[in-house]
Amino acid sequence: MSTQINSGPFQASIPHELQEAIIDVIHYELFPNDKEYNSLRRRALGICSLVSSKWFKRARHLLFLGFCLLIPGFDHDGPGGMLGLLELLQSPLSTLSPFIREVGIRGSDNIYIENDDICDQGERLNTCIVAVLPFMRHVQRLSMKFVRLADLSEHSKRIIQRLTTVTTFTLESDVGTSVMPVTDLLSVSSWFPNLQSLEVTYVELAEDSKGVLPQTSVAFPHLHTLRIKGYLKGLEPLLSKKALFTLPTVRTLDLLIQGALYPETLSFINAMGANLQHLIFNAAVALSARQPSNFEIQQSYKFAEGSSVGH
């Protein structure tokens, strides 16, 4: 004797909040927080998303929570590895795009490749960007690793600029593998009008080769978190050109500076607006006899009333 379950009356008798609570339990509590259970958790959430339209949104949201869509360009899968994804995104029945909130654009970390390979790999990167990013209309977090502005075609730049929903932008490299003019950094960051968090990690900045600086400062009206990590030598153009950009709303400044400590760093901190509340400062420095002590460095900061310092 077979038993058929009618999910309609069952769902109608349970408040919507409790239905979402059931899905939350499956995601957060049913499986141990261990990588080996991730596939089981995803499978369970995938099944939940097929129960009904009421279960779909919450289950799909949790299914893609923490998921980052990587757009490979060089030593990764290349365009061929994205054909399946592209075919799915292009389907008129696809409901995938609204749930992808994080995208990572990955270049090459190999500094010893030949010029011809650089051209081929750059073309591959731009092909992936042009093919996939137009479908991503709800991206909130964007990261670019081993990517310079010169690597991007004009078409790719225009597509990235359309990601107006981005609130968190990360520019990342490894020591010595990527050099970017400070004006390029400011230009890319200004593409996102709703930017709230900006992180620059081990990107060596340089003066513009033509010596051309923006005529007006670049404003970040909604930026509340700024993280800068790297060697001071590579960050000097940014720290010394603080007049090129305004950061009136920054509440959290997180600095990880390696190398000799110079007054530019302190001037940069002092130039923060009156809203600065939290300063997280980590410095790996070799202090010489002419440099101030750690205690003197800490005392030289100017903080807004009620601000706190993390070490």
Side-chain angles (χ1 to χ4, degrees), residues 68-79 81-82 103-134 136 139 141-164 166 168-193 195 198-218 220 226-241 244-245:
C68 179
L69 172 63
L70 295 180
I71 298 183
F74 299 124
D75 303 324
H76 307 284
D77 296 336
M82 306 196 77
V103 171
I105 301 176
R106 299 293 182 262
S108 174
D109 58 350
N110 189 346
I111 61 176
Y112 301 106
I113 54 180
E114 301 293 334
N115 288 336
D116 291 343
D117 292 332
I118 293 177
C119 294
D120 292 340
Q121 293 167 350
E123 183 177 353
R124 193 177 307 155
L125 173 64
N126 285 290
T127 298
C128 290
I129 291 174
V130 172
V132 175
L133 269 191
M136 303 293 104
V139 177
R141 295 174 295 277
L142 175 68
S143 63
M144 294 172 57
K145 188 172 183 178
F146 309 124
V147 178
R148 301 170 303 170
L149 202 60
D151 297 329
L152 303 175
S153 68
E154 292 302 319
H155 192 185
S156 294
K157 293 176 186 177
R158 288 194 297 270
I159 290 176
I160 296 175
Q161 284 180 274
R162 293 172 190 161
L163 301 176
T164 56
V166 168
T168 300
F169 177 55
T170 301
L171 191 65
E172 185 177 354
S173 183
D174 278 342
V175 179
T177 60
S178 180
V179 178
M180 172 177 283
V182 64
T183 49
D184 284 359
L185 168 63
L186 298 176
S187 176
V188 172
S189 302
S190 66
W191 289 351
F192 312 115
L195 193 64
L198 172 63
E199 180 172 333
V200 182
T201 302
Y202 289 113
V203 176
E204 182 176 347
L205 299 171
E207 300 284 358
D208 192 294
S209 59
K210 299 179 182 179
V212 178
L213 297 176
Q215 298 299 315
T216 58
S217 63
V218 179
F220 298 94
L226 176 62
R227 292 185 172 90
I228 302 176
K229 302 179 182 180
Y231 287 95
L232 183 64
K233 180 181 178 181
L235 297 174
E236 280 179 344
L238 176 63
L239 301 178
S240 62
K241 294 292 188 299
L244 294 180
F245 52 98

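Only a predicted model underlies this, so the values are computations on that prediction, with no experimental measurement involved.
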Under 3.5 Å side-chain donor-acceptor pair for Ser143 and Arg106 = yes
From Ser153 OG over to Arg158 CZ, what is the distance, rounded to the nearest 0.5 angstrom?
-> 7.5 Å
Residues which pass side-chain hydrogen bond (donor to acceptor under 3.5 Å, both in side chains) with Thr168, listed by chain and number, not counting sequence neighbours | none
State whether the side chain of Asp151 and the backbone N or O of Glu123 hold a donor-acceptor pair below 3.5 Å, judged by distance alone.
-> no
State which residues pass side-chain hydrogen bond (donor to acceptor under 3.5 Å, both in side chains) with Arg162; sequence neighbours excluded, sorted by chain then number.
-> none
Check whether any side-chain heavy atom of Met136 lies under 4.5 Å from a side-chain heavy atom of Leu69, and answer yes or no.
-> yes
Qualifying residues under side chain to side chain contact (heavy atoms under 4.5 Å, CB included), relative to Ser190, sequence neighbours excluded | Val218
Atom CG of Asn126 and atom OG of Ser156: how far apart are they, to the nearest 0.5 Å?
-> 3.5 Å
Find out whether Thr201 and Ser173 are in side-chain contact, i.e. whether some heavy atom of one side chain is under 4.5 Å from a heavy atom of the other.
-> no
Using a 4.5 Å cut-off on heavy atoms from C-beta on, say whether the side chain of Pro134 contacts that of Ile159.
-> yes
Given side-chain contact (heavy atoms from CB on, under 4.5 Å), test Val188 with Phe169 step by step and report yes or no.
-> CA-CA 10 Å; Val188 172; Phe169 177 55; 3.4 Å; yes
Sole residue of Leu133, Leu171, Ile160 in side chain to side chain contact (heavy atoms under 4.5 Å, CB included) with Leu142 | Ile160
Side-chain heavy atoms of Leu152 within contact of Met144, under 4.5 Å | yes
Glu172 versus Thr170, side-chain donor and acceptor atoms under 3.5 Å = no
Trp191 side chain reached by Lys157 side chain, heavy atoms, under 4.5 Å | yes
Do the non-hydrogen side-chain atoms of Phe192 and Leu198 ever get within less than 4.5 Å of each other?
-> no
Rounded to the nearest 0.5 Å, what's the gap from CG on Leu70 to CD1 on Ile105? Could you check?
-> 10.5 Å
